[in-house]
There are 2 protein chains.
Amino acid sequence: MGSTESKNKFKDFLLSQGLKSTNQRELILEEFLRAGSHLSTEELYIRLRKKHPRIGYATVHRSLKLFAQCGIAEQRHFGDGQARYEASDHDEHHDHLICVSCGKIVEFEDPRIEALQVEVAGEHGFSIERHRLELYGSCADCSSIT
Amino acid sequence: MGSTESKNKFKDFLLSQGLKSTNQRELILEEFLRAGSHLSTEELYIRLRKKHPRIGYATVHRSLKLFAQCGIAEQRHFGDGQARYEASDHDEHHDHLICVSCGKIVEFEDPRIEALQVEVAGEHGFSIERHRLELYGSCADCSSIT
DNA sequence: TTTAAGTTGAAATCCGTTTTCATTTGGGCG
DNA sequence: CGCCCAAATGAAAACGGATTTCAACTTAAA
Ligand SMILES: [Mn+2]
Ligand SMILES: [Mn+2]
Ligand SMILES: [Zn+2]
Ligand SMILES: [Zn+2]
């Protein structure tokens, strides 16, 4: 999903829900799309405050929730205790590799793992709605430093 | 790992760390092992309080952390915002199927998925230390009710 | 026993998240 | 345009689970 596409989708969402287009929401969305993925509310807020000191944390928080509702962002939780958001850049699902040393996050997708998940769930009578797969370890850079 | 084995392992751990064996720790460990798995601190505390109203929440919390440190328990986080603990009943790793409707948790282990995880990580230069795989959906009972 | 170190429980504190509320703003309507 | 009101905003308060503080108490070694 491109940047323009996301913005349009958000505008449509606001209209459809009887919500209003505001300057803050535009600024926040813009910065969210500009910034790298997997940002926490706090991180995005700090970035925004540099150029727009009057924006409140609560508004950033509420906007991110709207982005998620509308489908242009997704909330994630990697065990550090705070929610992170990433743009839904494509329709494809992906999982994450996380370096426990430097914090780097790499995305991946493996159809074989996905298929096995469905199979295993089926064996237990479950139908899967969603899943979470996170691999924690050392990235190449951090391994070589050792 | 049997109940007696866990108790011994914990005693050894306390000794080795210069910590003390106390009545509370024994009661808490006993109830932890007796109760079903995946209990939150709060849930264990409530169970304990019925027979032993003088035990404090903080002590339950601290004991669970000790159990985890010592290796007889593991902390888990399933997206409901609170930590859960389970006894390390066996040395084998396992993942979880979680019913979003009734909350049932089923454990599973699939060597094929585990192998693929290592393979995928390797392709990205990562060496895995640990992982988290959770499948959320509807269990057989909840699916049939629909 | 005596004593030092560890433990306990109640209450306070932490910290990310969410809500409250007085005030401001967006945008439909005349 | 201005009016009006529902929605949005930002500062501050509230929330909730995890963690810490601290004075009183317990453990176990001497
Ligand atoms: Mn991602
Ligand atoms: Mn389990
Ligand atoms: Zn790294
Ligand atoms: Zn169920």
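Being a predicted model, the structure only gives us computed values, none of them experimental. Residue numbers begin at 1 in each chain, while the letters A, B, ... track the order of the sequences. Values below: all heavy atoms of this structure, side chains included; hydrogens, waters and symmetry mates excluded.
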**Student:** C:dT24 P sits how many Å from A:N23 CG, rounded?
**Tutor:**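 To the nearest whole Å, that distance equals 17 Å.
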**Student:** Counting only side-chain N and O atoms of B:H61, is one of them less than 4.0 Å from OP1 or OP2 of D:dT19?
**Tutor:**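 Yes, B:H61 has a side-chain N/O under 4.0 Å of OP1/OP2 on D:dT19.
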**Student:** Starting from the 5' end of DNA chain D, give me the residue, A:A58 or A:L19, whose nearest nucleotide shows up first.
**Tutor:**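 Of the two residues, A:L19 wins.
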**Student:** Take the protein atom CG of B:D80 and the nucleotide atom C1' of D:dA18, then report the distance between them rounded to whole Å.
**Tutor:**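 So the CG-C1' distance, B:D80 to D:dA18, works out to 14 Å.
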**Student:** Without decimals, in angstroms, what is the distance between A:L66 CG and D:dA7 P?
**Tutor:**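 Whole-Å distance recorded here is 13 Å.
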**Student:** How about B:H96 and B:H38: does a side-chain donor come under 3.5 Å of a side-chain acceptor?
**Tutor:**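 Their side chains do contain a donor-acceptor pair, which is all the 3.5 Å distance test asks for.
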**Student:** Could you state the atom-to-atom distance from CD of A:Q69 to P of C:dT18 in whole Å?
**Tutor:**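 So the CD-P distance, A:Q69 to C:dT18, works out to 12 Å.
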**Student:** So does B:Q24 get a side-chain nitrogen or oxygen closer than 4.0 Å to the phosphate oxygens (OP1/OP2) of C:dT8?
**Tutor:**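 True: B:Q24 side-chain N/O within range (under 4.0 Å) of C:dT8 OP1/OP2.
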**Student:** Does D:dA18 have OP1 or OP2 under 4.0 Å away from a side-chain N or O of B:R62?
**Tutor:**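 No.
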**Student:** Phosphate oxygens OP1/OP2 of D:dT9: is one of them under 4.0 Å from a side-chain N or O of A:T22?
**Tutor:**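 Result: yes.
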**Student:** Counting only side-chain N and O atoms of B:Y57, is one of them less than 4.0 Å from OP1 or OP2 of D:dA18?
**Tutor:**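 Yes, such a contact exists.
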**Student:** Look only at the side chain of A:R112 and the backbone of B:R112, and say whether a donor-acceptor pair between them is shorter than 3.5 Å.
**Tutor:**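 Not at all, since once roles are kept as given, no pair shorter than 3.5 Å links the two residues.
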**Student:** Mind calculating the distance between NE2 (A:H77) and C1' (C:dT17) to the nearest angstrom?
**Tutor:**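 These atoms are roughly 10 Å apart.
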**Student:** On DNA chain D, check which nucleotide each of B:Y85 and A:R54 is closest to and give me the residue with the more 5' one.
**Tutor:**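 Checking each residue's closest nucleotide, the 5'-ward one belongs to A:R54.
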**Student:** Which whole-number value in Å describes the distance from A:L27 CG to C:dG26 P?
**Tutor:**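 My rounded result for the distance is 12 Å.
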**Student:** So B:C102 and B:D141, do their side chains get closer than 4.5 Å, heavy atoms only?
**Tutor:**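 A side-chain contact is absent here, since even the closest heavy-atom pair is not under 4.5 Å.
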**Student:** Kindly point out which of C:dG6, C:dG9, C:dG27 is positioned nearest to the side chain of B:K20?
**Tutor:**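 For the B:K20 side chain, the nearest candidate turns out to be C:dG6.
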**Student:** A:S21 has a side chain; which of D:dA28, C:dG27, C:dT8 sits nearest to it?
**Tutor:**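 Of the candidates, C:dG27 comes closest.
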**Student:** How are the rings of A:F10 and A:F67 set relative to one another: parallel (under 30°), tilted (30 to 60°) or perpendicular (over 60°)?
**Tutor:**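 Geometry flag for A:F67 against A:F10: perpendicular rings.
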**Student:** Give the rounded distance in Å between these two atoms: CG of B:L64 and P of C:dT8.
**Tutor:**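 After rounding, the reported distance stands at 12 Å.
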**Student:** About how many Å separate CG of A:L64 and OH of A:Y45, when rounded to the nearest 0.5 Å?
**Tutor:**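 Nearest 0.5 Å value for the OH-CG distance: 13.5 Å.
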**Student:** To the nearest Å, give me how far apart CD (A:Q82) and P (D:dG16) are.
**Tutor:**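 It is 21 Å, rounded to the nearest whole Å.
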